[in-house]
A.B. asks: 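Next up is a structure, given as structure tokens.
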Amino acid sequence: MHRCWDIAELVQLILEKLDSRTFHGDEIESVNRPQVIALYHLAQTCRRLCDPALDVLWKATHGLVPLLKCLPTKSWEIRDGCFELVSALNIDDWQRCLGYSRRVRTFSSYDGTVVVGQSAIESMMSLSPGTVLPNVQGVACYSSSVLFPYLGFLLGPRVEGIAITLDGPAHRASIMHTFGSYFRSLKRVRIRVTSGELTSGLVSFFVVQLPSQLRALSFQGPNPATCRHLVTFPNLQDLEVLDLIETPFPGPYPVPSDKVFTALHTLKITTSNPLFAANFMAVLKDARLRRLYLEASEDSTTLNSLALFSVICAAGSPLELVEISILLNDDFERVLADLQLYDTQFDFIRALFVYSNLCYITLACPLGFGLDDSLLEIMARAWPRLVLLRIGNSVATDKNPQSSPTLAALLALCKHCAYLHSVYIALNTTMIPAACGRSESRSALSFKLNYWDPCDSSVQFPESVGEFLGTNFPMLSVAHTSESWAQVDALLAARRAT
């Protein structure tokens with residue numbers, strides 16, 4: 001064999017290219033069957049490749065059935081979609097199955113088309129705790145799965161990440177509260193509730209029991225007690241709070257601000273009212289946030305939105321924040337009923353100028369921000385490090401305030417933002433400015449922009465718009481939001497090809 005196969009690290013890299021799974025956090029998203037077959041054949045090629053190939057082949061698995069099929073063939077059968085044992089097993093019968101299960105690092109308890117029967121579960125429970133999956137580090141589990149109540153016994157102590165989907169009956173989900181004591185090495189936790197039977201109290205009770213070394217947490221429906229418990233976690237870096245439906249910190253908060261979320265750098269909140277998010281942000285005066293994502297689904301009135309923006313500009317370290325996303329949505333009929341109530345002015349954006357190092361900005365409110373060319377240039381001067389800018393309205397209505405930025409705004413943005421790469425904004429394309437002079441158009445500042453999504457902009461003169469964009473932004477591509485914009489993008493592509 002070639003000498004490259006003598007280098008273990010190189011063999012590992014080659015085999016990992018054949019890894020058949022794609023992952024989303026601790027969940028297995030998809031499996032490429034041809035690559036599974038390729039790894040299987042490699043494992044049979046020679047002894048030198050056998051162990052490394054098996055490590056990759058068994059690194060992640062959906063359910064226990066693939067492993068249980070490694071038991072002696074005469075000891076099991078599949079009846080009516082259920083894997084059942086037909087004879088008693090001794091410890092020797094388990095050796096081949098356990099030899100492969102030690103290689104599993106990511107496990108999903110999703111049942112699939114064949115579920116594990118009670119006889120197989122009882123046989124596994126006769127083994128020592130943690131024997132079946134001793135080295136698993138990431139788990140995706142579903143409360144509807146027959147394995148869910150037994151995960152604390154089946155899994156070993158090395159679990160660092162767990163993604164829990166509560167999609168089954170409430171009595172089964174209640175077992176979740178024991179996970180905090182089973183898995184003391186947890187660093188990543190994600191919880192989603194899809195069953196209407198379950199209450200947020202069950203999730204909050206589980207979160208309170210989590211170990212303090214947690215680094216990433218995503219969960220729904222927190223109550224004030226849960227929020228107070230989390231703020232002092234010394235290693236918590238990523239926090240996602242979904243469905244915030246009440247004030248998280250009612251009354252004065254006694255913990256000093258420099259002791260609150262000391263390691264937090266990414267925060268995401270979705271709520272029904274911007275005031276709830278504003279209350280949460282108010283305790284983050286000394287936080288070193290780098291990424292902030294806020295989404296309010298209802299009641300995004302001007303008054304509530306102003307409270308949110310004013311609290312944001314007073315929270316965290318201005319020099320640390322590099323990405324911000326604020327999406328304020330509301331019901332279409334409510335917005336139409338009182339347009340003045342939802343009229344959001346540029347002062348809301350001006351409040352964010354304190355964050356001068358922002359690179360990625362997404363801002364949306366029901367009726368937009370009433371921008372024009374001069375205001376966009378002010379924004380460009382305030383945020384010279386911009387890489388991505390997405391700004392607009394979240395409710396589509398022909399009664400939106402008439403915003404009038406033109407194509408000239410793209411020139412202003414690129415002039416002041418040397419790293420600007422992508423822009424998502426509606427522009428008035430009826431007024432086509434004169435092209436830049438030769439020396440200015442050759443400037444590197446003008447060439448960074450390579451993607452523009454015109455959103456709901458209309459275009460009456462595709463050829464003229466394409467000529468202007470192609471002259472000033474040679475690498476630009478335009479999103480196909482309509483047939484006319486597809487025509488503009490085709491003109492730009494033709495220019496790039498020549």
Side-chain angles (χ1 to χ4, degrees), residues 8 11-12 15 18-21 28 31 33 36-141 145-160 175 178-179 182-185:
V11 172
Q12 185 69 20
L15 294 177
L18 288 173
D19 192 352
S20 58
R21 279 82 34 153
I28 307 170
V31 178
R33 184 166 180 78
V36 172
I37 296 172
L39 284 168
Y40 170 75
H41 288 308
L42 274 174
Q44 294 182 314
T45 301
C46 66
R47 292 185 179 182
R48 187 177 298 175
L49 295 179
C50 182
D51 277 340
L54 288 175
D55 285 340
V56 176
L57 184 63
W58 287 103
K59 184 173 69 172
T61 182
H62 275 293
L64 285 177
V65 173
L67 285 165
L68 294 176
K69 286 182 177 180
C70 298
L71 293 169
T73 53
K74 295 182 179 180
S75 65
W76 59 269
E77 65 180 13
I78 295 177
R79 297 194 300 262
D80 300 324
C82 187
F83 183 97
E84 295 284 3
L85 297 179
V86 295
S87 63
L89 299 176
N90 57 44
I91 191 61
D92 292 332
D93 295 327
W94 279 101
Q95 290 310 305
R96 182 166 176 250
C97 175
L98 297 180
Y100 293 141
S101 70
R102 295 187 190 101
R103 304 174 189 270
V104 178
R105 297 295 183 270
T106 301
F107 174 72
S108 170
S109 72
Y110 183 70
D111 287 334
T113 56
V114 179
V115 300
V116 180
Q118 193 60 35
S119 59
I121 292 176
E122 291 175 358
S123 182
M124 288 187 289
M125 297 295 286
S126 68
L127 303 172
S128 301
T131 300
V132 177
L133 296 165
N135 298 316
V136 166
Q137 298 174 353
V139 183
C141 52
S145 168
V146 297
L147 297 175
F148 189 77
Y150 309 101
L151 289 178
F153 184 90
L154 299 174
L155 298 169
R158 300 182 181 180
V159 175
E160 295 184 354
I175 299 169
T178 63
F179 289 176
Y182 283 140
F183 312 128
R184 301 308 301 173
S185 298

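Nothing fancy with the numbering, it's 1 onward along the sequence.
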A.B. asks: Which heavy atom in Pro66 sits nearest to a heavy atom in Cys70, and how many Å separate them?
C.D. replies: O-SG, 3.8 Å
A.B. asks: Any heavy-atom pair between the side chains of Leu67 and Val132 that's under 4.5 Å?
C.D. replies: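 A side-chain contact is absent here, since even the closest heavy-atom pair is not under 4.5 Å.
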A.B. asks: Give me the atom names and distance for the closest heavy-atom approach of Phe179 to Cys141.
C.D. replies: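 Phe179 and Cys141 have their closest heavy atoms at CE1-SG, 4.3 Å.
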A.B. asks: Does any non-hydrogen side-chain atom of Leu57 lie less than 4.5 Å from one of Tyr100?
C.D. replies: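 They are not in side-chain contact.
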A.B. asks: Mark yes when over 12 heavy atoms from residues, nucleotides or ligands other than Arg158 sit less than 6.0 Å from its CZ; otherwise mark no.
C.D. replies: no
A.B. asks: Show me the donor-acceptor pairs within less than 3.5 Å that the side chains of residues 118-130 make with the rest of the protein, sequence neighbours left out.
C.D. replies:
| from | atom 1 | to | atom 2 | distance (Å) |
| --- | --- | --- | --- | --- |
| Ser119 | OG | Glu84 | OE1 | 2.4 |
| Ser119 | OG | Leu85 | N | 2.9 |
| Ser126 | OG | Ser123 | O | 2.4 |

A.B. asks: Main chain of Ser145, side chain of Ser109: is a donor-acceptor contact present, judged purely on distance under 3.5 Å?
C.D. replies: no
A.B. asks: Measure the OG1-NE2 distance between Thr106 and His62 for me, rounded to the nearest 0.5 Å.
C.D. replies: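 NE2 of His62 is found 10.5 Å from OG1 of Thr106.
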A.B. asks: Under 4.5 Å between any side-chain heavy atoms of Leu151 and Ile175, yes or no?
C.D. replies: no
A.B. asks: Asn135 and Arg102: side-chain donor and acceptor closer than 3.5 Å?
C.D. replies: no
A.B. asks: Can you confirm whether Val86 sits close enough to Arg79 that some side-chain heavy atom of one is under 4.5 Å from a side-chain heavy atom of the other?
C.D. replies: yes
A.B. asks: Hey, could you give me the CG/CD distance between Leu155 and Gln137, rounded to the nearest 0.5 Å?
C.D. replies: 12.0 Å
A.B. asks: Could you tell me whether the side chain of Phe107 reaches within less than 4.5 Å of the side chain of Leu147, counting heavy atoms only?
C.D. replies: yes
A.B. asks: Are there over 12 heavy-atom neighbours, none belonging to Asp92, within less than 6.0 Å of that residue's CG?
C.D. replies: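 Correct, the count exceeds 12.
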A.B. asks: With salt bridge (Lys or Arg N to Asp or Glu O under 4.0 Å) as the criterion, how do Arg105 and Asp55 come out once you've worked through the C-alpha distance, each side chain's angles and the decisive distance to 0.1 Å?
C.D. replies: CA-CA 9 Å; Arg105 297 295 183 270; Asp55 285 340; over 6 Å; no
A.B. asks: Tell me whether the count of non-hydrogen atoms from other residues, nucleotides or ligands lying under 6.0 Å of OH in Tyr110 goes above 12.
C.D. replies: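 No, because the 6.0 Å sphere around OH of Tyr110 holds 12 heavy atoms or fewer from other groups.
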A.B. asks: Looking at OG of Ser87 and CG of Leu71, how far apart are the two atoms once the value is rounded to the nearest 0.5 Å?
C.D. replies: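 That separation rounds to 9.5 Å.
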A.B. asks: Keeping the roles fixed (side chain from Asp111, backbone from Val146), state whether a donor-acceptor pair exists under 3.5 Å.
C.D. replies: yes
A.B. asks: Say you draw a straight line from CZ of Arg96 to OG of Ser101; how long is it, rounded to the nearest 0.5 Å?
C.D. replies: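 It is 12.5 Å, given to the nearest 0.5 Å.
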A.B. asks: State, to 0.1 Å, how close Gly117 and Cys82 come at their nearest heavy-atom pair, and which atoms those are.
C.D. replies: CA-SG, 3.3 Å
